Amino acid sequence: MKKTLFEKVWEKHAVRELPDGSTQLLVGTHLLHEVTSPQAFGMLRTLKLPVKYPSRTFATVDHIIPTDDRTEPYKSATAYEMLTAIRKNCADNGITFFDSTTGKQGVIHVVMPEQGLIHPGMTVACGDSHTATHGAFGAIAFGIGTSQVRNVLATQTLSFKKLKVRRVNVNGKLRDGVTPKDVALHIIRKLGVNGGIGYAYEFGGKVFDDMSMEGRMTVCNMAIEGGARIGYINPDEKTFAYLKGRPYAPKGEDFDKAVEYWKTIASDEGCQYDDVVDFDGSEIRPTVTWGVNPAQAVFIDENIPDPETIADPTQRKDAKDALVYMKLQPNTPIAGTKIDVAFIGSCTNGRLSDFEAAAEYLKGKKVAAGVKALAVPGSQIVDAIAREKGLDKIFTEAGFQWRQAGCSMCLAMNDDKLVGDQLCASTSNRNFKGRQGSPTGRTVLMSPLMVAHAAVAGKIVDCTKQG
């Protein structure tokens, strides 16, 4: 019988069916960071249980780590306590930890792929909602809660109810200036933040075939924002080329054998999906959010919608509330909205290609007066390569602060926070109320290229129409 990648991977990792109808699923690779792991290790100690397969777990520090001064102990006692806890927990249990002293530290969903730890056909779990990122490699990757982190540490398995599979096709050719971030926001806008509940999204079509691995990671990263637990793309030659030579990828003949296996993991031609949705990539334009969830978005040349035109009463109320919070007016252009802060980074857009795209525009330009601009590499390796290429100088000469690797202003668990009702043009993945550290701070999501343009203009502008 012809099967989807999801079905193949699920069947290969199913240990047994449980009485409640869920499946005990083997987790191939388990990823840890400092925020959701301390309690899990504490529960293991209480239960006097060891880590079952420490060689299958890898950790880094990202959410709380400062991106400016890393002198230890940190200024934040809580942040330093979390760092020392994950150091000790990993050392005590024989878990590989990409610490800030290794040159390999960074945002977990940037670090683990660049180490070659994620392979097609894997199951990947992490105590972080954006674990879907790793589906870009043809893996089934999902976020889990702290008690599930404990379960995976103790048993290398967890209980999971099987999802339906929706194929999301984007065909055609993207316009100049339209990026994977725009594709992701467009899909979420059209299908809704709850549209993917109960589904795994399989992204396919010419736009994804043409997309780089880093671009694919951006789209899969945001699958969760559309309600899907999992987002993945079938592996292809780009996938294999990306993995070849990386530290934890197979070597020599083993790599060739692995590629032959990985090819079999892709969804079979003619397999059945629970749902299929089609988009024309040529119709997508640079996309920005106006509200407080990623589906509240418009093309840059569109007006902010009027809530009174929204038929659904719940969505209409949500839109009204969002506009009050964002201090924006309906039926007015989103273009021209003034910004206070520009942020390029996060697990969505903190990769080398993101900084390269922004730097290409920023050469010889200056950030507008009154705008605070941060560029935060997704990993120490991204930082090192960017410095070799001189990207950091382009950013700093333009007026950006070039920071050290970490989650930074994506969710503001360190000192990188908005103040008051500042409006931030951000490459991160969520624009929830208070997400960037201030209970009244406002976030507008967009691509790195759009953020670079906004930083220079001091307002939201169309990157396809600016010199």
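None of these values were measured; they are calculated from a predicted model. Counting begins at 1 with the first residue of the sequence.
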Closest heavy-atom pair, Phe355 versus Gly350, reported as atoms and distance to 0.1 Å, is CE1-O, 3.3 Å
Here the gap from Asn414 atom CG to Met409 atom CE, rounded to the nearest 0.5 Å, amounts to 8.5 Å
Notebook entry, point to check: Does the side chain of Asp462 pick up a donor-acceptor pair with the side chain of His453 at under 3.5 Å?
Noted result: no
- Item | Ion pair Lys181/Glu214, N-O distance below 4.0 Å | no
### Task
Give a yes or no on whether a salt bridge exists between Lys75 and Asp415, defined as a side-chain N under 4.0 angstrom from a carboxylate O.
no
NE2 of His186 to OG1 of Thr287, rounded to nearest 0.5 Å, is 7.0 Å
When you measure from the side chain of Thr440 to the backbone N and O of Gly420, does any donor-acceptor pair fall under 3.5 Å?
yes
Residue set satisfying ring pair (Phe, Tyr, Trp, His ring centres under 6.0 Å) with Tyr248, at least two apart, ordered chain then number -> Phe58
**Request:** Side-chain contact test, heavy atoms from C-beta onward, threshold under 4.5 Å: evaluate it for Ile187 versus Val168 and give yes or no.
**Result:** yes
Worksheet item: Quick one: is the NZ or CZ of Arg166 closer than 6.0 Å to the six-membered ring centre of Tyr201, and within 45° of its axis?
Response: no
When you look at Gln404 and Thr67, which way does the side-chain hydrogen bond (donor to acceptor under 3.5 Å, both in side chains) test go after all the steps?
-> CA-CA 4 Å; Gln404 297 181 71; Thr67 62; over 6 Å; no
When rounded to the nearest 0.5 Å, the distance separating CD of Gln148 from CG of Leu153 is 12.0 Å
- [ ] Look at the side chain of Glu34 and the backbone N and O of Ile64, then say whether any donor-acceptor pair between them is shorter than 3.5 Å.
- [x] yes
Tell me whether the count of non-hydrogen atoms from other residues, nucleotides or ligands lying under 6.0 Å of NZ in Lys251 goes above 12. yes
Taking Glu397 first and then Lys366, would you say they form a salt bridge - that is, a charged N and a carboxylate O separated by under 4.0 Å?
no
- Query: Do Thr427 and Asn349 get their side chains close enough for a donor-acceptor pair, meaning under 3.5 Å?
  - Reply: no
message: Any carboxylate oxygen within less than 4.0 angstrom of a Lys/Arg side-chain nitrogen, looking at Asp421 and Lys327?
response: yes
If we only count heavy atoms from C-beta on, is the Pro113 to His134 side-chain gap below 4.5 Å? yes
Handout entry: Exercise: do Asp128 and His109 side chains pair donor with acceptor under 3.5 Å
Key = yes
Q: Would you verify whether the NZ or CZ of Arg246 falls within 45 degrees of the ring axis of Tyr242 while also being under 6.0 Å from that six-membered ring's centre?
A: yes
Correct closest heavy-atom pair for Ala266 and Asn234 would be CA-OD1, 3.5 Å
#### Entry: Donor-acceptor side-chain pairing of Thr60 and Gln105 below 3.5 angstrom
no
With the side chain counted from C-beta on, respond yes when Val292 and Arg430 share a heavy-atom pair under 4.5 Å apart, and no when they do not. no
Side chains of Thr71 and Asp69 only: does a donor on one sit below 3.5 Å from an acceptor on the other?
yes
Review point. Is the NZ or CZ atom of Arg216 both under 6.0 Å from the centre of the six-membered ring of Phe137 and within 45° of that ring's axis?
Key: no
Exercise. Any side-chain heavy atom of Met446 sitting closer than 4.5 Å to one from Ile300?
Worked result: no
Self-check item: Residue pair Leu352 / Leu391, side-chain heavy-atom distance below 4.5 Å
Solution: yes
Taking the side chain as every heavy atom from C-beta outward, state whether Phe203 and Val183 have any atom pair closer than 4.5 Å. no
Under the ring pair (Phe, Tyr, Trp, His ring centres under 6.0 Å) rule, what do Phe142 and Phe160 come out as? Steps first, then yes or no, please. CA-CA 10 Å; Phe142 41 85; Phe160 202 129; 4.6 Å; yes
On a heavy-atom basis, the closest approach of Gly378 and Val110 is O-CB, 3.8 Å
Under 3.5 Å, is there a donor-acceptor pair between the Ser37 and Arg150 side chains?
-> no
Taking every heavy atom of Thr131 against every heavy atom of Cys126, the minimum-distance pair comes out as OG1-CB, 3.2 Å
Fill in: Ser438 side-chain N/O to Val419 backbone N/O, donor-acceptor pair under 3.5 Å
no
Worksheet entry | Any donor-acceptor N or O pair under 3.5 Å, side chains Thr348, Asn429 | yes
Margin query: Is a donor from one side chain sitting under 3.5 angstrom from an acceptor on the other, for Asp182 and Thr179?
Written below: yes
Lys238 (side chain) donor-acceptor with Asp210 (main chain) under 3.5 angstrom:
yes
query = Does some side-chain heavy atom of Met213 sit less than 4.5 Å from a side-chain heavy atom of Thr239?
reply = yes
Requested in this report: Say whether, by atom type as modelled, one donor and one acceptor occur between the side chain of Asp354 and the main chain of Arg351 under 3.5 angstrom.
Outcome: yes
- request: Ignoring hydrogens and angles, tell me if any N or O in the side chain of Asn194 forms a donor-acceptor pair with the backbone of Gly227 under 3.5 Å.
  value: no
Side chain to side chain, Tyr232 and Val9, heavy atoms closer than 4.5 Å = no
Closest non-hydrogen contact found for Arg70 with Gly406 is NH2-N, 4.4 Å
Using atom types as modelled and distance alone, determine if a side-chain donor or acceptor of Glu302 lies under 3.5 Å from a backbone N or O of Phe299. yes
Salt-bridge contact Glu72-Arg87 (side-chain N to carboxylate O under 4.0 Å):
yes
Q.
With a 4.0 Å cut-off on N to O distance, would you call Asp416 and Arg403 a salt bridge?
A. yes
Output for pair (Ile394 CD1, Lys389 NZ), nearest 0.5 Å, gives 10.5 Å
Open item on the list: Check for me whether Lys206 meets the cation-pi criterion with Phe208, that is, NZ or CZ under 6.0 Å from the six-membered ring centre and within 45 degrees of the ring axis.
Closed with: no
Ser428 and Ser426: side chain donor to acceptor below 3.5 Å = yes
For Met326 and Val444, the nearest pair of non-hydrogen atoms, with its separation, is CE-CG2, 3.9 Å
Output for pair (Leu374 CG, Ser408 OG), nearest 0.5 Å, gives 5.5 Å
Check whether Tyr325 reaches the backbone of Gly441 with its side chain - one donor and one acceptor, N or O, closer than 3.5 Å. yes
